[in-house]
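Along the sequence shown, the residues carry numbers beginning at 1.
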Amino acid sequence: MAAPPNLRTMLRVRLCDPGADAPAIAALYAHHVAEGDATFELVAPSADAMAARLAAAHACVVAVDDQDKIAAFAYLAPHSPRGGYRFTASVAVYVAPTHQRFGLGARLVGGALEALARALGLRVLLAGMTASNEGSIALHVGRLGYREVGRFERVGRKFGRWLDVVYAQKDLSDATATPEDGADDGGDIQDPRKLADLDPTWVAEVLEKC
């Protein structure tokens, strides 16, 4: 059944609770593992494995209905465990099939996650998308201001097909970085903060607007 056209008023955005939300998020993600190529995973993770992933993210948000049923989720994950990448995060968003093409991706990624990323002190957001996923490319590059920066050819295989991956990034810094622009080199830039460091009232206000 298709989602109603007044979806914005029927769904609200909130922070994810990794433990409580993991089963529903794992079930939503399992659909994409089994039916699509937005993810290259071939076996869906368990709820416990998903909970661990969500807990390790910089931030995760969900869109829920009035019964708190999850229709979509998106997260900011560290791009790499290597310290030099600490200002860079990867973004991902997955929407239930009944709620696709109603703007949830833009609300979660362009609204909630980008605001949180800026507040955390992250500087670059990266998105990797299957080249055939025209909707995701249109969202990030066409609507949210990401720049396509590269393509890896035939790096994935799923459903008997070789798949390319398009990479895009968005710079959140207000000025071009300089050699002095880093704490390691004696600059005054601060390392990214934790989500728990943010004012909960401010976070709630931001998410309410999404």
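When every heavy atom of Pro192 is checked against every heavy atom of Arg86, the shortest pair comes out as CG-O, 3.2 Å. Minimum heavy-atom separation, Ala51 to Pro18: CB-O, 3.6 Å. Nearest heavy-atom pair, Val13 versus Ala112, reported as atom, atom and distance to 0.1 Å: CG1-CB, 4.2 Å. Among all heavy-atom pairs drawn from Met50 and Ala22, the shortest one is CG-O, 4.1 Å. Of all heavy-atom pairs spanning Phe87 and Gln190, the tightest one is CE2-O, 3.4 Å. Between Ala115 and Trp202, the shortest heavy-atom contact is O-CH2, 3.8 Å.
Salt bridge status for Lys209 with Glu205: absent, with no side-chain N to carboxylate O gap under 4.0 Å. We find that Arg14 and Asp68 are joined by a salt bridge, their nearest charged nitrogen and carboxylate oxygen being less than 4.0 Å apart. Classification of Asp37 and Arg157 as a salt-bridged pair fails, no side-chain N sitting under 4.0 Å from a carboxylate O.
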Trace of the side-chain contact (heavy atoms from CB on, under 4.5 Å) decision for Asp21 with Phe73 = CA-CA 10 Å; Asp21 291 334; Phe73 73 98; over 6 Å; no
Walk me through it: do Arg12 and Val64 pass the test side-chain contact (heavy atoms from CB on, under 4.5 Å)?
-> CA-CA 6 Å; Arg12 63 184 177 89; Val64 298; 3.7 Å; yes
Any chance you could lay out the side-chain contact (heavy atoms from CB on, under 4.5 Å) test for Asp164 and Arg154, step after step, and finish with the verdict?
-> CA-CA 5 Å; Asp164 295 355; Arg154 296 169 60 85; 3.9 Å; yes
Criterion side-chain contact (heavy atoms from CB on, under 4.5 Å) on Leu104 and Val93, from CA distance to verdict | CA-CA 9 Å; Leu104 284 180; Val93 58; over 6 Å; no
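Taking 4.5 Å as the limit, every side-chain heavy atom of Arg101 sits out of range of all side-chain heavy atoms of Val95. Side-chain atoms of Tyr146 and Val91, non-hydrogen and from C-beta on, do get closer than 4.5 Å to each other. Contact of the Trp162 side chain with the Val155 side chain is not registered, since no non-hydrogen atoms from C-beta on lie closer than 4.5 Å. Counting heavy atoms from C-beta outward, Glu41 and Tyr29 have side chains that approach closer than 4.5 Å. Annotation: side chain of Lys170 is not in contact with side chain of Val141 (no heavy-atom distance under 4.5 Å). Between Ile189 and Arg123 the shortest side-chain heavy-atom distance falls below 4.5 Å. Between Val109 and Leu125, every side-chain heavy-atom pair lies at or beyond the 4.5 Å cut-off. A heavy-atom distance below 4.5 Å is found between the side chains of Leu195 and Leu15.
Between the Arg118 side chain and the Leu172 main chain, a donor and an acceptor come within less than 3.5 Å of each other. In this structure, the side chain of Asp171 does not engage the main chain of Val124 through any donor-acceptor pair within 3.5 Å. With hydrogens and angles ignored, the 3.5 Å screen pairs no side-chain donor or acceptor of Lys158 with any backbone N or O of Ala38.
Side-chain heavy atoms closer than 4.5 Å link hydrophobic residues (I, L, V, M, F, W, Y) into clusters, and following such links, possibly through other members, connects Val33 to Leu28. Criterion: ILVMFWY side-chain heavy atoms under 4.5 Å apart, direct or through other members. Under it, Val61 and Leu122 are part of a common hydrophobic cluster. In terms of hydrophobic clustering, with Ile, Leu, Val, Met, Phe, Trp and Tyr side chains grouped at heavy-atom distances under 4.5 Å, Val149 and Phe152 are assigned to a common cluster. Cluster membership for Tyr75 and Leu11, using ILVMFWY side-chain heavy atoms within less than 4.5 angstrom, is not shared. Placement of Leu108 and Leu120 within a single hydrophobic cluster is found when ILVMFWY residues are connected by side-chain heavy-atom separations under 4.5 Å, directly or transitively.
The line from NE2 of His79 to CD of Gln169 is 9.5 Å long, rounded to the nearest 0.5 Å. Annotation: the span from Leu126 atom CG to Thr88 atom OG1 amounts to 6.0 Å, rounded to 0.5 Å. To the nearest 0.5 Å, atom OG1 of residue Thr130 and atom CZ of residue Arg161 are 8.5 Å apart.
Remark: Asn133 engages no residue in a side-chain hydrogen bond (donor to acceptor under 3.5 Å, both in side chains) (not counting sequence neighbours). Annotation: salt bridge (charged side-chain N to carboxylate O under 4.0 Å, His left out) contacts of Glu134 (sequence neighbours excluded): none.
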